[in-house]
Structures are given as C-alpha cells and as structure tokens.
Amino acid sequence: TFADKVNEPFHTYAWEPEKNCKFVRWSKESYCHLMENKTVAIMGDSISMDHKRDLSLLLGGGGSETWDLQNIATCNNTSTLVGMRDDYLNKSVNIVIEQYLPDVLVLNRGAHYRSD
C-alpha cells in the first residue's frame with residue numbers, strides 16, 4: 001500500500017547539486033544568443049505543445065493554442081520556433097525536417113503507445 005511505501009527513499013529524496021555544479025538561470029537573452037540563426041522544432045503530443053507555447057511566451061511571443069504546424073519568429077526574428085502536434089510522430093516529422101531543417105528537434109510521444 002501507499003502508506004507502506006512512504007518511508008522509501010524516493011519519497012524523501014531531495015536533489016542537491018554537486019560542489020562543481022553551476023546552475024545558470026534561464027534568460028531570454030541567453031537563449032536568443034545561443035539560438036541565433038537557428039530553428040527549434042518541437043513535435044509530439046499535448047505536452048509538447050504546452051512546451052512550445054510556454055517557450056514562445058518566455059520569448060515574448062503570443063503562445064498560440066493551435067496544434068497545426070506553426071512557424072514562429074522569435075528573438076527579434078533571429079531565431080525560429082516550429083511546433084506541430086502529432087501524437088504518434090508518424091505524419092509530421094519528415095514534413096518539418098524537409099521544410100525547416102531544424103537545428104534542434106524535440107520529439108515526444110508521451111503516453112501514446114503504438115506497437116511496432
């Protein structure tokens with residue numbers, strides 16, 4: 001039962017960085033510098049679309065709710081964010097790669113299992 005597992009290590013674990021680990025806070029300026037003249041494509045299920053929308057909002061974009069193929073100029077038009085919903089990643093990956101040649105491709109199928 002759950003009550004029996006409360007004292008197991010994963011319930012009390014707290015991440016602590018190693019001494020040499022340096023956590024750098026995310027900033028729009030750092031992202032825009034790193035991704036200048038680059039294209040990021042995020043494809044997958046609704047969680048992926050949440051990530052695309054949130055990144056767009058962090059970069060000052062509109063954060064559209066549409067799940068159709070979107071091409072969003074970011075970072076004062078020096079970077080591109082592409083997003084498309086495709087739960088099984090079976091129809092859009094090739095389209096996005098051929099049309100946008102992304103430098104970064106983020107794929108996620110989440111809980112949408114399909115046997116091979």
Side-chain angles (χ1 to χ4, degrees):
T1 68
F2 178 75
D4 295 332
K5 296 182 182 274
V6 170
N7 293 322
E8 289 187 23
F10 61 86
H11 287 283
T12 58
Y13 177 78
W15 179 75
E16 293 181 23
E18 295 179 15
K19 290 180 182 178
N20 296 331
C21 180
K22 184 176 179 183
F23 182 77
V24 179
R25 264 190 120 60
W26 186 90
S27 73
K28 176 181 175 180
E29 293 75 22
S30 296
Y31 177 90
C32 291
H33 176 73
L34 191 65
M35 300 312 294
E36 186 174 7
N37 300 316
K38 300 210 180 335
T39 298
V40 175
I42 301 175
M43 303 169 61
D45 63 2
S46 60
I47 294 171
S48 300
M49 295 304 93
D50 288 342
H51 291 155
K52 186 249 331 160
R53 183 195 63 226
D54 293 345
L55 181 56
S56 176
L57 288 168
L58 286 168
L59 295 171
S64 173
E65 292 292 330
T66 183
W67 290 345
D68 296 328
L69 182 61
Q70 275 191 308
N71 177 358
I72 304 166
T74 60
C75 302
N76 296 320
N77 296 325
T78 65
S79 181
T80 302
L81 176 60
V82 176
M84 184 173 189
R85 180 163 183 176
D86 182 354
D87 290 347
Y88 300 106
L89 299 174
N90 61 353
K91 58 187 173 203
S92 61
V93 176
N94 288 337
I95 293 169
V96 169
I97 290 172
E98 290 170 5
Q99 285 185 5
Y100 297 99
L101 298 171
D103 300 284
V104 177
L105 180 60
V106 180
L107 303 172
N108 172 37
R109 282 190 3 184
H112 302 280
Y113 174 77
R114 184 179 74 180
S115 64
D116 293 330

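Every value quoted in this text rests on a predicted model; they were computed, and no experiment measured them. As a basis for the values below, the full set of heavy atoms in this structure was taken, side chains included, without hydrogen atoms, waters or symmetry mates.
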Asp86 side chain vs Asn90 backbone, donor-acceptor pair below 3.5 Å: yes
Chi angles and distances behind the side chain to side chain contact (heavy atoms under 4.5 Å, CB included) call for Arg85, Ser48: CA-CA 8 Å; Arg85 180 163 183 176; Ser48 300; over 6 Å; no
Shared hydrophobic cluster for Ile42 and Leu34 (ILVMFWY, side-chain gaps under 4.5 Å): yes
Between atom [atom1] of [X] and atom [atom2] of [Y], what is the distance when rounded to the nearest 0.5 Å?
X: Leu55; Y: Thr74; atom1: CG; atom2: OG1; value: 7.0 Å
X: Asp45; Y: Ile47; atom1: CG; atom2: CD1; value: 5.0 Å
X: Thr80; Y: Tyr100; atom1: OG1; atom2: OH; value: 9.0 Å
X: Asn94; Y: Leu89; atom1: CG; atom2: CG; value: 11.0 Å

side-chain contact (heavy atoms from CB on, under 4.5 Å) partners for Ile95, two or more places apart: Gln99
By side-chain contact (heavy atoms from CB on, under 4.5 Å) - contacts of Val104 (at least two apart): Met35, Val40, Val106
Determine the minimum heavy-atom distance between [X] and [Y], stating which atoms define it.
X: Met84; Y: Met49; answer: O-CE, 3.2 Å
X: Thr39; Y: Val82; answer: CG2-CG2, 3.9 Å
X: Val96; Y: Pro102; answer: O-CD, 3.9 Å

Sequence neighbours excluded, every pair satisfying side-chain hydrogen bond (donor to acceptor under 3.5 Å, both in side chains) that has a member inside residues 24-38: Ser27-Ser30
